[in-house]
Amino acid sequence: MTGVAFSPTYRPFSKKMASNSPEYNFSEIESTWQKYWEDRKTFATSSKTDKEKYYVLSMFPYPSGTGLHIGHPLGYTGADILARYQRARGKNVLHPIGWDAFGLPTEQYAIKTGRHPRQTSIERIAHFRNQLRSVGFSYDYDREVDTTDPNYYRWTQFIFLQLFKRGLAYVDKRPVWWCEELKTVLANEEVIDGKSERGNHPVVRRSLRQWVLRITAYAERLLEDLKDIDWPESTKKMQQEWIGKSVGATARFALDGFDETIEIYTTRPDTLLGATYMVLSPEHPLVPKITSEDNRDAVSKYIESAAAKSDLERTDLAKEKTGVFTGSYALHPLTGDKIPVWIADYVLISYGTGAIMAVPAHDTRDFEFAEQFNLPIVQVIKGDGTESLPYIGDGTLINSDEYDDLSWQEAKKKITAKLKEAGTGEESTQYKLRDWLFSRQRYWGEPFPVAWVSREDYDKAVESGDLADWLPEEPVAYTDESGTLHALPVPPKSLPLELPNVESYEPAGTGESPLKKADDWMEIWYQFETGEFLPARQEKPEGEKWIRASRETNTMPQWAGSCWYYLRYMDPKNSTQLASKEALEYWKTPDMYIGGSEHAVLHLLYSRFWHKVLFDEGLVPTKEPFSHLFHQGMLLGEDGKKISKSAGNGIDPVEVVNQYGADTLRLYLMFLGPLEARKPWNSKGIGGVSRFLNKAWREIVGRDGNLSPKIRDDHQESEETEILLNQTIEKVSQDLDKLSFNTAISQLMILVNHLHASDAFRLTTAKKFVQLLAPMAPHISEELWSRLGESHSVAWGPWPDVDNSKLVSDDVKIVFQVNGKFRGQSLIPKSSTEEDVLALAKKEPRVIAQIEGKTIRKVVFVPGKILNIVAN
RNA sequence: GCCCAGGUGGCGGAAUUGGUAGACGCGCCUGACUCAAAAUCAGGUUUCUUCGGAAGUGGGGGUUCGAUUCCCCCCCUGGGUACCA
């Protein structure tokens with residue numbers, strides 16, 4: 001303990017802090033201490049220290065127009081408690097906050113009002129910051145990041161260039177939602193039941209030029225490295241399934257009467273002899289070629305109807321299988337049998353090879369299809385004999401010639417080997433993971449740091465050597481009606497490439513972003529060495545390195561800025577690197593990352609991908625960005641339903657702060673239940689924690705505003721108080737370590753209830769209690785701490801130690817049982833033997849009543865816990 | 001359908017290397033203070049009960065001296081995912 005100086009009366013805090021009011025006036029106390037933290041930069045962090053680091057990260061918010069949602073302070077309080085706890089334990093804590101401010105709602109607001117979204121963002125951020133401050137989070141506000149700040153997105157663009165040069169970024173036509181009425185591309189969340197969210201207009205799929213990131217190149221590592229990180233199992237599982245690795249075989253079936261072969265992928269090569277027909281997806285390139293004259297009409301009609309359906313509809317119609325015969329036959333690679341080739345939309349072009357061998361006896365979908373169209377079904381795997389078809393389980397082979405009686409695993413190997421020998425197949429691995437569609441036809445996002453140029457100009461730039469470190473092996477090119485263009489990276493030193501001002505934030509009406517209309521930014525004379533540019537309508541500047549270029553109309557998605565923000569916090573003002581080597585080496589990665597499980601797949605997978613690219617580039621020292629992850633659960637409305645505008649069951653955290661105080665809000669959010677659980681808000685329950693804080697206040701502050709007369713230094717602390725205090729220190733410490741805040745608070749309540757019932761207790765006991773309370777209810781704790789005679793912030797600890805000698809009493813409670821049922825208890829010395837306890841038990845009237853007239857068969861004795869007499 | 005998490009009083013929840021089920025809080029009940037109310041304080045609160053006890057952690061079975069905890073089957077709720085070959 002540091003507080004040696006002791007005075008039984010209240011002594012003004014040396015830094016002229018709160019009044020000596022006898023009342024717990026939370027609003028005065030909270031604003032006083034928030035100002036104190038701010039003025040003194042209590043929570044500012046530096047990496048220039050020998051102290052052990054602790055980096056706790058909360059998922060940064062999107063500063064929406066509606067302000068703080070009750071879900072924010074839930075997770076943020078958890079993280080803040082951890083930060084304050086570790087700080088008190090002497091760690092050098094980094095606890096930052098920032099703003100994920102690019103995004104659709106701000107853009108839509110800009111369209112509506114004509115205001116620049118940056119302006120809107122800055123205002124909303126200020127509003128959010130004030131609201132967060134009022135809850136008393138111990139952020140280092142000097143480290144704020146804002147994804148829409150050019151000094152930030154400069155480095156987002158820089159990372160994109162890393163991906164670009166490694167061949168991980170390319171351009172392709174990809175389908176998007178298009179609304180003819182609104183003349184705009186819509187995001188998935190703007191499309192509801194096939195209609196636009198705004199105006200309820202019909203939408204269609206339309207292919208547009210898009211940037212795509214080759215995340216699939218990292219599929220295996222993203223899967224493999226999940227083993228090394230401490231995340232909720234369910235989240236790991238979700239990522240695992242999203243990546244969706246499967247190991248099987250590809251096989252090529254010759255086509256009867258054609259030179260081409262159909263390549264298929266199967267996870268069950270052991271069932272190869274059960275393949276009785278084949279199915280191509282309607283989009284498969286071989287379809288037009290192999291469709292016979294007789295079937296052409298039916299096939300083209302089918303393709304048309306399949307194309308008209310969205311993915312959603314296709315899966316909605318899952319119950320009934322549809323398909324048509326192409327009129328062609330394939331030859332079975334092992335038997336040479338002729339088997340019919342069909343097309344059906346239950347086979348997806350985007351997975352595997354877009355074609356399958358159908359084994360109706362052992363695949364549910366193939367079975368349904370075969371039944372529908374009367375195709376042969378041949379069982380080749382035999383289970384225990386009771387199975388019915390389709391049979392998906394394991395077993396031994398039948399109807400498979402030389403492979404009969406083999407186990408399926410054995411057959412898998414042998415048949416794959418046979419295919420390989422014949423040159424008609426081989427072992428193969430597939431992933432469900434697709435490349436990441438990384439562009440939006442929007443204004444409010446990071447511009448792509450590229451210039452689209454002609455082949456000649458591209459070659460010129462290559463030859464100059466100016467961009468030698470930044471070019472992909474294969475140029476990124478795109479061809480349309482107007483010709484072929486090549487993507488030239490802008491020189492990194494010229495970043496940021498800032499968004500131009502535009503007159504209107506309305507989309508261009510062509511499916512392209514509003515940037516399309518910023519002519520002087522879009523169509524330019526471009527200096528490829530320096531990155532300078534001038535409007536193309538001006539005269540071409542002098543110099544070899546000036547070329548004609550167009551900018552990219554697409555911008556990056558909101559994910560881009562949130563993929564790496566945890567790195568920027570380490571060194572947020574660095575103007576020459578995304579973060580200094582020293583900062584990256586010192587802070588490494590967050591020790592704890594807290595956020596909602598809605599990000600279990602996308603954000604966390606994208607971040608891992610970028611981090612690995614940066615690791616490969618030698619820019620970060622670790623393979624994984626988030627070694628420890630925790631999801632706070634969803635807070636439900638008072639009615640037990642999801643909080644929503646339409647249900648009108650929202651809770652305004654600011655209102656709660658005004659009514660009860662920030663400490664009460666924090667404490668109550670944590671006391672509701674386990675942080676990870678989903679649980680309903682209860683406006684009556686908040687009175688309980690409010691009462692607790694008032695009770696704690698009254699135990700320390702007397703009615704006259706001085707220290708409570710119960711706090712006496714000449715008091716001999718009772719053994720009971722000593723034990724309970726030490727148990728509380730131990731319990732609270734352990735609970736904070738495992739983020740079990742609800743039980744930590746209940747333990748503090750038990751201690752306060754005990755102090756309340758005691759006649760007197762020592763000053764050190766009061767101080768230790770305040771220290772334990774401080775991470776959860778920091779404002780009242782600072783106030784009490786100062787009133788207890790301390791002259792520096794309680795935030796700096798030290799955290800109280802457990803005195804193990806005072807953790808347990810010499811007497812322990814032992815429970816008597818008869819046949820496993822409770823029949824009384826007694827306080828006995830720890831050293832008592834089984835004989836002593838049994839003798840004692842036999843004197844217990846309730847025990848006597850139960851064993852009377854029975855024979856004792858056995859006695860089970862667990863020292864310090866129970867004595868169980870088995871009798872009948 | 002499949003995968004994951006969960007199911008304990010009127011409510012939120014506590015207790016799992018198997019050892020008194022219901023900590024702590026809400027709500028409710030009784031009492032004190034008050035003209036009264038609020039606040040505060042003292043006490044009670046799983047159900048049934050013949051007041052001895054008995055039953056009880058979604059349901060059924062099992063292992064055990066003893067099961068909320070371990071095993072098997074089933075039901076329900078929430079989340080994820082969806083024709084991935």
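Convention: sequence-line order gives letters A, B, ...; per-chain numbering from 1.
Rounded to a whole angstrom, the distance from the P atom of C11(B) to that of C28(B) is 15 Å. U47(B) and G56(B) have their C1' atoms separated by 8 Å, with the value rounded to a whole Å. Nucleotides A54(B) and U63(B) place their C1' atoms 25 Å apart, quoted to the nearest Å. Using atom C1' as the reference point in both G9(B) and G58(B), the two lie 15 Å apart (nearest Å). Using atom C1' as the reference point in both A32(B) and G18(B), the two lie 45 Å apart (nearest Å). Atom P of U57(B) sits at a distance of 23 Å from the matching atom of U50(B), rounded to the whole Å. Of the C1' atoms belonging to G10(B) and U46(B), the separation is 10 Å, rounded to the nearest Å. For C3(B) and A82(B), the C1' atoms lie 11 Å apart once the distance is rounded to whole Å.
Considering only side-chain N and O atoms, R691(A) lies nowhere under 4.0 angstrom from the phosphate OP1 or OP2 of A39(B). Between H754(A) and C24(B) there is no side-chain N or O to OP1 or OP2 distance below 4.0 Å. Residue R823(A) places none of its side-chain N or O atoms closer than 4.0 Å to OP1 or OP2 of G53(B). The shortest distance between the side-chain N/O atoms of Y351(A) and the OP1/OP2 oxygens of A85(B) is below 4.0 Å.
Scored by the ring pair (Phe, Tyr, Trp, His ring centres under 6.0 Å) test, F626(A) finds Y566(A), Y593(A) as partners (sequence neighbours excluded). For H631(A), there are no ring pair (Phe, Tyr, Trp, His ring centres under 6.0 Å) partners, not counting sequence neighbours. Looking at residues two or more places apart in sequence or on another chain, you find a side chain to side chain donor-acceptor pair (under 3.5 Å) between D737(A) and Y85(A). With sequence neighbours excluded, the residues that form a side chain to side chain donor-acceptor pair (under 3.5 Å) with T250(A) are E426(A). Considering only residues two or more places apart in sequence or on other chains, K858(A) meets the salt bridge (Lys or Arg N to Asp or Glu O under 4.0 Å) condition with none of them. A search for side chain to side chain donor-acceptor pair (under 3.5 Å) contacts involving N868(A) returns nothing, not counting sequence neighbours. When the ring pair (Phe, Tyr, Trp, His ring centres under 6.0 Å) test is applied to F253(A), the partners found at least two apart in sequence or on another chain are H332(A). Taking K432(A) as the reference, nothing meets the salt bridge (Lys or Arg N to Asp or Glu O under 4.0 Å) condition, with sequence neighbours excluded.
Taking every side-chain heavy atom of S746(A) into account, A23(B) is the closest of A23(B), C3(B), G19(B). Each of C3(B), G79(B), G53(B) was ranked by its minimum atom distance to the side chain of K237(A); first place goes to C3(B).
Atom CE of M634(A) and atom P of G6(B) are 17 Å apart (whole Å). We find that CD of Q239(A) is positioned 14 Å from C1' of C4(B), with the value rounded to whole Å. To the nearest angstrom, P of A23(B) lies 24 Å from CZ of F741(A). A straight line from CG of D363(A) to C1' of C2(B) spans 14 Å, rounded to a whole angstrom.
Along RNA chain B, the nucleotide nearest G244(A) and the nucleotide nearest M238(A) are compared for position; the residue whose nucleotide lies closer to the 5' end is M238(A). When each of T266(A) and E241(A) is assigned the nucleotide of RNA chain B with its nearest heavy atom, E241(A) is the one assigned upstream, toward the 5' end.
Stem list for RNA chain B (at least 3 consecutive Watson-Crick or G-U pairs, distances under 3.5 Å): B:1-7 with B:75-81, B:10-12 with B:24-26, B:27-32 with B:40-45, B:46-48 with B:53-55, B:58-62 with B:70-74.
Among the protein residues, N753(A) comes within range of the sugar-phosphate backbone only, with heavy atoms under 4.0 Å from sugar or phosphate atoms but none that close to a base. When heavy atoms are screened at a 4.0 angstrom cut-off, H362(A) is found touching no nucleic acid atom at all. When heavy atoms are screened at a 4.0 angstrom cut-off, R434(A) is found touching base atoms of the nucleic acid. In this structure, K641(A) reaches neither bases nor backbone, as no heavy-atom distance under 4.0 Å exists between it and the strands shown. Using a 4.0 Å heavy-atom cutoff across all strands shown, Q825(A) reaches at least one base atom of the nucleic acid.
Without hydrogens or angle criteria, H362(A) side chain to I381(A) main chain gives a donor-acceptor distance under 3.5 Å. Here the side chain of K710(A) pairs a donor or acceptor atom with the backbone of L755(A) at under 3.5 angstrom.
Residues in residues 672-694 of chain A take part in these ring-ring contact (aromatic ring centres under 6.0 Å, His included) pairs, two or more places apart or across chains: Y668(A)-W681(A).
Nucleotide G9(B) carries a syn base; the chi torsion (O4'-C1'-N9-C4 or O4'-C1'-N1-C2) is within 90° of 0. Glycosidic torsion of G52(B) falls within 90° of 0, placing the base in syn.
To the nearest 0.5 Å, atoms OG1 (T77(A)) and CZ (F741(A)) are separated by 9.5 Å.
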For nucleotides 8-15 of chain B, tabulate all protein N/O to nucleotide N/O atom pairs closer than 3.5 Å, reporting atom names and distance.
{"unit_1": "G12(B)", "atom_1": "O2'", "unit_2": "L672(A)", "atom_2": "O", "d": "2.5"}
{"unit_1": "A14(B)", "atom_1": "OP1", "unit_2": "N742(A)", "atom_2": "ND2", "d": "3.1"}

Could you encode protein contacts along nucleotides 63-74 of chain B as a string, one character per nucleotide from 5' to 3', using B for base contact, S for sugar-phosphate-only contact and - for no contact, with a heavy-atom cut-off of under 4.0 Å? --BS--------
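Among Y277(A), F369(A), Y302(A), W342(A), the single residue meeting the ring pair (Phe, Tyr, Trp, His ring centres under 6.0 Å) criterion with F325(A) is W342(A).
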